[in-house]
Amino acid sequence: MTRTLWDSTVGKKVIMAVSGLVMLLYLVVHMIGNLKIFFGSDEFNGYAHWLRVMGEPFLHHEWALWIVRVVLVAAVVLHAVSAYQLSRRDLRARPITYVHKRPRASYATRTMRYGGIILGLFIVWHILDLTTGTVHSGGFQHGHPYQNVVDTFSTWYGNVIYIVAMLALGLHVQHGFWSVAQTLGAGRASRDRALKTLANVLALVLTVGFISVPVAVMTGVVS
Amino acid sequence: MKLTLRVWRQKNTDAPGAMSTYEVDGISQDMSFLEMLDTLNEELILAGDDPVAFDHDCREGICGACSLVINGDAHGPERTTTCQLHMRSFDDGDTIDIEPWRASAFPVVKDLVVDRSAFDRIIQAGGYISAPTGTAPDAHATPVPKPDADFAFEHAECIGCGACVAACPNGSAMLFTSAKVNHLNVLPQGAPERETRVLDMVEQMDSEGFGGCTLTGECATACPKGIPLPSISAMNKEWLRATRKARR
Amino acid sequence: MNDYTHYTTGEPVADTKAPAGPVAERWDTRRFEAKLVNPANRRKHTVIVVGTGLAGGSAGATLAEQGYRVVQFCFQDSPRRAHSVAAQGGINAAKNYRNDGDSVHRLFYDTVKGGDFRARESNVHRLAQISVEIIDQCVAQGVPFAREYGGLLDNRSFGGVQVSRTFYARGQTGQQLLLGAYQALSRQIAAGNVELHPRTEMLDLIVVDGRARGIVARDLVTGRIETYFADAVVLASGGYGNVFYLSTNAMNSNATAVWRAHRRGALFANPCFTQIHPTCIPRTGDHQSKLTLMSESLRNDGRIWVPKAKGDTRPANEIPEDERDYYLERQYPSFGNLVPRDIASRAAKNVCDEGRGVGPGGQGVYLDFAEAIGRMGRPKVEEKYGNLFDMYARITAEDPYVTPMRIYPAVHYTMGGLWVDYDLQTTVPGLFAIGEANFSDHGANRLGASALMQGLADGYFVLPSTINDYLARNPHHDEVDASHPAVEEAVAETEDRLNLLLAVDGDRTPDSFHREIGELMWEYCGMARNEEGLRTALARIPLIREEFWRRIKVPGTGDELNQSLEKANRVVDYLELAELMCLDALHRAESCGGHFREESQTPDGEAARRDEEFCYGAAWEFTGTGEAPVLHKEDLVFEYVHPTQRSYA
């Protein structure tokens, strides 16, 4: 069964769909967590601390967090590798393009591949910026995420990178979520509108939720 | 009407091809698109040139032979087959680009003629019900609920023209394959081979070099028979179900 | 050179395969008497099948299931494109699911009578018997016939028959049945039992020592002339309606396979029996390449009329009711608009000949739904006929809900074809003809929804139960290969013909000749024929043929995909077949079914059969291009359905 999944174009799409769903679920949680920043630094930092002690005493310190990280890395890798392999195949399947070109499909659909690359690069930057602090602007302080976030969004490029990435995320989720339903066999004419609406709502909520933080920092609501 | 045609000309599969420009005059609005090409070809023959090769047969929109990409659209601007497109869809003085189906699984044979035998091989892989002649029970032995019969018919309408592949930016044959899988898998007669059918047909589809589905929806937009996009989802469901049961 | 019309009459031809005894038992008896081939030996027998329509597709699949090695050909890129795909209406079967008095015997009776008593009773009865099994077979294959809410199959009545015996799949019955056969064939191709050659066209028959042993075919992509050998050859290459240039046939449907077989010795029967379908969309100009049929079910609710006055060019809705002539309702008060196809077609021609036709060139009559829309309401009309109305609107850019449709008859089906016996074997041993390619079951006129029935009956059930008799009784001990003189001759003839077509380098296109012969045939050998016209045509055809070989221009070469060469080669055969059709029409000085001789009509203008002189099938023997053929008569005996004059008034 694993081989069937991996060797088939349909199976690889299933892998992308499931890994995408895992990431989407994480993003929803992540976004809700981010909004705690509006309740002040104590609550936000406290929440960040809880993420490390989550599951104790059943789990060892930070194990829950690491489990989540491992699952996420696996999802990202599977999603990206599948996407890469399918894309290569797709390009080979249409080696000669039409002389007469016209725009095809929706913007979100056409930009899935570029959006995916943008999001991949963003994840690297995001981890180096706010998890390891490697590329953080102004002294990164472990255990003080509130201050780190404010620092990041006090630079113009921090805002630009983040907001562009979140817009890409919105587009990616808009087509991606609906696609997940199709790939997993849940799509049918009678629920197409509901699925598309849900995809739009998810995309909008995630994008607005995430972007509200840099906007709040820029406007001084959070400082 | 007077028109400028830019037509893909290619001597054979291995030869390089290019767009060539032709002028045609005296085209009537009532002509079908293929009759317009007939007019061009009559002129080319008399001039001692090679006429443009294109596939066509029934000219009633049902055999699936005709296969032209017109101004970037498979079968042209109307939602129908090329043979049912009429020149009243164009204006005097227009320039019209005519290209063959483009997909590596559909190599060009000559000019606008492509080889679609990959579709036949997908059907051969499992697009049938094994019912040797003489083995059939009475036709009323197994009633089929009307919604299922209608669902089967809706998918059985596929004419195998390949517009879905031509329109898909990935050259994917998912809509074609799903149409046949859905037609047969929903019927009680198709149930015994339900799992092997979808697994084998998808495997054959992949091995022919068609691209994967990114759900752009271009296929369903181009389909002259209106095979709906959710067909693909229905096939995915069948495929997942078959993979779980893994009865191979 | 002989005068072509001075044909001679040779020995009668008779079917020797149908057993004696009650007609209802003949098929069982024949199947029992036919020698069988041991299952273990079937693989050693190769059968060539030419064509992949309903007859060829179903025959190829079934023979392969039985264990024979099948080599199959189609000129299309895929077997699924054969022109059976375009049949709209339905398929008849004597299931009596409606409990409305239908039976095998009634279908048999209707078919013999509908064919105007020019078909063989044994064959027709077998067809009616097998019709029942066809539906079972197709349902088992997954053909999505229309169903009712209870899940059972729906039926409708068709072509004025009084029972509901027509099974259908919306307006695409032919497509769905063909896909069923195509899928069964595909399964055998995958199993390695059928070797398929698409884009390959049969150009000659190979006859060795009087028996059919193979074919000469051209690979349409590479242009290579190839030979294929077998123990028996089955022609399922369809009808020859394209001799008329404009017809409802597909553009590439052609007569070459049957004509070449005829030239090699197979008798050609009743070539003048052609069916003109009354409800087609009229032509719009000289550019017209083909005609489109609309289901005759439209006549159930539409009313046919023309203006009473000649040359009335007012739009239809400006012509007041009392200036309209509903000529079918006037002439045939009891059947009205539902008279059989041949009568409706001829009536339309008559009013147009009087100068009362409508539309461009006056070649059309109105089919008006205004009354039906008023009576049933537009939604109901849309539900019943919406897809046909849409098709009409797409082709003509007129809205049939507002303006009456314009229709005109067009060539649709050819009842004639290669003469076959009860086993469907031609007069060349080892050569079989099935489906529209043979002449067997429809007599002088085919009923609606019977073509699909016959194609599938021949392919699924008849041929697979009769070909074994030939194979078992005539085992081949000698291998035929390309070096055999008969093979070399057939290949050389084919190559010479193609090379000559390429070499003439004249100034007329293949299409221009096709159009010329087609118009001539439509004029003189179309809906109504008379001696003078047929003689005119017979005088003209040799001249056109001579001009063809002087002025034909085929560009390109023979070793590539060359659609002009394909076309020109088909026209060569039309130019000979047309001559035989005219001669057959000339010799048959009676009217029957689709063949209307103006000299033979009743006082009120109806077709008058002359049974005492013409109660036979006319099977013609080829003697040379332009040479007078030899007529072999098959006397028809009616033991069960006694000939009467049809009356629809």
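Bear in mind the structure is a predicted one, so any value in this text is a computation, not a measurement. Chain identifiers are assigned alphabetically (A, B, ...) following the order of the sequence lines, protein sequences preceding nucleic acid strands; residue numbering begins at 1 within each chain.
Both the backbone and the side chain of B/His140 come within less than 4.5 Å of a heavy atom in chain C. The contact between B/Leu187 and chain C is made entirely by side chain atoms (from C-beta outward), counting heavy-atom distances below 4.5 Å. Interface residue B/Ile159: backbone and side-chain heavy atoms are both found under 4.5 Å from chain C. With a 4.5 Å cut-off on non-hydrogen atoms, C/Gln76 touches chain B through its side chain but not through its backbone. Within the 4.5 angstrom heavy-atom criterion, atoms from both the backbone and the side chain of B/Glu157 approach chain C. If you measure heavy-atom distances from C/Glu148 to chain B, the contacts under 4.5 Å come from the backbone alone. Residue contact with chain C, scored on non-hydrogen atoms closer than 4.5 Å, involves the backbone of B/Asp49 exclusively. For C/Leu291, the part lying under 4.5 angstrom from a heavy atom of chain B is the backbone only. At a 4.5 Å heavy-atom cutoff, the contact between B/Val109 and chain C is made by side-chain atoms alone. If you measure heavy-atom distances from B/Val52 to chain C, the contacts under 4.5 Å come from the backbone alone. Using a 4.5 Å cut-off between heavy atoms, C/Ser84 does not touch chain B at all. Interface remark: C/Ser253 contributes backbone atoms only to the contact with chain B (heavy atom separation under 4.5 Å).
Across every non-hydrogen atom of B/Gln124 and C/Ala190, the tightest pair is O-CB, 3.3 Å. Summarising the geometry of C/Phe461 relative to B/Gly134, their closest heavy-atom pair is CE2-N, 4.4 Å, with the distance given to 0.1 Å. The shortest heavy-atom contact between B/Glu60 and C/Thr248 is OE2-O, 3.3 Å. Nearest heavy atom pair, residue C/Arg199 against residue B/Val113, reads NH2-CG1, 3.4 Å. B/Asp57 approaches C/Asn252 most closely through the heavy-atom pair OD1-N, 2.9 Å. Residues B/His183 and C/Pro144 approach most closely at NE2-CD, 3.7 Å, considering heavy atoms.
For C/Tyr460, there are no ring pair (Phe, Tyr, Trp, His ring centres under 6.0 Å) partners, not counting sequence neighbours.
Across B/Thr135, B/Asp148, B/Ile129, B/Leu184, the residue that shares the most heavy-atom pairs under 4.5 angstrom with chain C is B/Ile129. Chain B forms more heavy-atom pairs under 4.5 Å with one residue of C/Gly142, C/Ala191, C/Pro510 than with any other, namely C/Gly142. With chain B as the partner, the residue from C/Gln141, C/Gln188, C/His287 showing the most heavy-atom pairs under 4.5 Å is C/His287. With respect to chain C, the highest number of heavy-atom pairs below 4.5 Å among B/Gln189, B/Arg59, B/Arg121 belongs to B/Arg59. Taking chain C as the reference chain and counting heavy-atom pairs below 4.5 Å, the highest number among B/Gly190, B/Ala125, B/Pro137 is found for B/Pro137. Here B/Asp55 is the residue among B/Asp55, B/Asp38, B/Asp50, B/Thr39 with the most heavy-atom pairs under 4.5 Å with chain C.
Of the N and O atoms on the side chains of C/Arg187 and B/Ser130, at least one donor lies less than 3.5 Å from an acceptor on the other residue.
Not one N or O on the side chain of C/His83 forms a donor-acceptor pair closer than 3.5 Å with the backbone of B/Cys58. Looking at C/Gln563, its side chain does come within 3.5 Å of a backbone N or O of B/Phe54 through a donor-acceptor pair. Distance alone, capped at 3.5 Å, places no donor-acceptor pair between the B/Arg116 side chain and the C/Ser78 backbone. Of the possible donor and acceptor atoms, none in the side chain of C/Glu133 sits under 3.5 Å from a partner among the backbone N and O of B/Ala136.
Remark: B/His86 NE2 to C/Thr396 OG1 distance equals 8.5 Å, nearest 0.5 Å. One finds the OG atom of B/Ser28 at 9.5 Å from the CD atom of C/Gln288 (value rounded to the nearest 0.5 Å). Once rounded to the nearest 0.5 Å, the distance linking CE of B/Met31 with OG1 of C/Thr284 reads 8.5 Å. Rounded to the nearest 0.5 angstrom, C/Arg394 CZ and B/Arg79 CZ are separated by 11.0 Å.
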Is there a side chain to side chain contact (heavy atoms under 4.5 Å, CB included) between B/Ile62 and C/Gln172 once you walk through the steps? CA-CA 9 Å; B/Ile62 193 73; C/Gln172 285 123 283; 4.0 Å; yes
Derivation and outcome, side chain to side chain contact (heavy atoms under 4.5 Å, CB included), residues B/Asn12 and C/Glu560: CA-CA 8 Å; B/Asn12 56 53; C/Glu560 59 178 339; over 6 Å; no
Any chance you could lay out the salt bridge (Lys or Arg N to Asp or Glu O under 4.0 Å) test for C/Asp154 and B/Lys146, step after step, and finish with the verdict? CA-CA 11 Å; C/Asp154 194 14; B/Lys146 188 163 164 60; over 6 Å; no
Just do the side chain to side chain contact (heavy atoms under 4.5 Å, CB included) check on B/Ile45 and C/Ser564 with the steps written out, would you? CA-CA 9 Å; B/Ile45 292 172; C/Ser564 301; 3.6 Å; yes
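Using a 4.5 Å cut-off between non-hydrogen atoms, the part of residues 173-183 of chain C that approaches chain B consists of C/Gln175, C/Gln176, C/Leu179, C/Tyr182, C/Gln183.
For B/Asp138 and C/Lys95, the salt-bridge test passes: some basic side-chain N is under 4.0 Å from an acidic carboxylate O.
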